[in-house]
Amino acid sequence: MKGADCLQNFTYDFYKQSADYLLARIPEPPEIALVLGSGLGPLAGELENPIVIDYRDIPNFLASTVESHAGKLIFGRLSGKRVVCMAGRFHYYEGYEFEQLAAPVRVLRLLGAHTVILTNAAGAVNTAYRVGDIMVIRDQIKLMGASPMRGANLPEFGERFFDVTRMYTPELRALALDCAKRLGQEYRMQEGVYFYMPGPQFETPAEIRAIRLLGGDAVGMSTVTEALTAAHCGMRVLGLSLMTNMAAGVLPQPLSDAEVTEAAAGAAGRFQALLREIIQQM
Ligand code: HPA
């Protein structure tokens, strides 16, 4: 679907049907939503008393097409908080329009979540960063393509023209850095700007040089539509990027998905411990 054809279905009721289906199947509504990026899915297995619901079974929801993304909503408790995990997210490169990518976060909001933690694997553009560093997203740059909020505004979620100067909630950024400090020296934390690129190809070295000039510290193919959707409906947002590789052209070798997956797997334990601590302190 393209253009207006793809937009006319997105009524408040459209999202509410997804949320009502889920609310009928969970004992308590979630307060915190967690979107797990490539290779960071295992945390979903740590929720207590989990209730697992396949994306395919949720009316009006999207279907995950990437192998490394599981395609399930998992409800349960983590660090004592009521949490819902999206194990598997949706990307523009899969063929979705940006407008469709609003759906998951809107449904999470309708379930009751007031805070969303967005995680991703990203390439390090800033040459002072190293593989394994965790970047707290301070801000984002998305120069390519439509806003997920394009189309008729749904006032039940938010205003037509909305502020994004504090899209990544300053208090949560400080909290994340604080938690890492408390956990110790194995955490090399950064705070920087996430630059969105549509993929699925990794970037060219020339694109990475341009991104660096424009102010990007890390580059990735996800997260930005989710953050915008969350900002529109008044959710608090924390974004955490795991540096799985130096961006294209920084090192002489080519990039590969295997490198990304391997680095994510290697850091998963550390990343999860940080998320647990952050959720506990929220
Ligand atoms: N570029 C885009 N997306 C990514 C990268 C990258 O270098 N690494 C992990 N996700």
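Atoms within each ligand, like the ligands themselves, are counted from 1 in listed order. Values in this document were obtained by computation on a predicted structure and should not be read as measured data. Basis for what follows: all heavy atoms, side chains included, without hydrogens, waters or symmetry-related copies.
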Report the C-alpha distance between Val84 and Leu108 in whole Å, list the side-chain angles of each, state the deciding distance to 0.1 Å, and finish with yes or no for side-chain contact (heavy atoms from CB on, under 4.5 Å). CA-CA 8 Å; Val84 55; Leu108 296 173; 3.8 Å; yes
Just to verify, which of Gln140, Arg138, Arg173 counts as forming a side chain to side chain donor-acceptor pair (under 3.5 Å) with Tyr168? Gln140
Counting non-hydrogen protein atoms only, what is the nearest one to atom 3 (N) of ligand 1? Give residue, atom name and distance. Gly220 CA, 3.4 Å
In terms of residue, atom name and distance, what is the protein heavy atom nearest to atom 5 (C) of ligand 1? Gly123 N, 3.4 Å
Working note: Val107 + Lys16, criterion side-chain contact (heavy atoms from CB on, under 4.5 Å); need CA distance, chi angles, decisive distance, verdict. CA-CA 7 Å; Val107 171; Lys16 195 154 178 308; over 6 Å; no
Selection from Val125, Leu242, Leu255, Asn245 by shortest heavy-atom distance to atom 8 (N) of ligand 1: Asn245
Describe, in one word, how the ring planes of Tyr196 and Phe98 are oriented to each other, choosing from parallel (under 30°), tilted (30 to 60°) and perpendicular (over 60°). perpendicular
Numbered atoms and elements of ligand 1 in range of Glu203, under 4.0 angstrom, heavy atoms: 1 (N), 2 (C), 6 (C), 7 (O)
Within the 4.0 Å heavy-atom cut-off, what Thr244 brings close to ligand 1 is side chain
So the atoms of ligand 1 within less than 4.0 Å of a heavy atom of Ala122 turn out to be 5 (C), 8 (N), 9 (C), 10 (N)
Only one of Asn120, Leu238, Val224, Leu240 passes side-chain contact (heavy atoms from CB on, under 4.5 Å) with Ile137; say which it is. Asn120
Element-labelled atoms of ligand 1 that are located less than 4.0 Å from some non-hydrogen atom of Ala121: 9 (C), 10 (N)
Can the ring centres of Phe162 and His232 be said to be less than 6.0 Å apart? yes
To the nearest 0.1 Å, how far is atom 4 (C) of ligand 1 from its closest protein heavy atom, and which atom is that? Val219 O, 3.8 Å
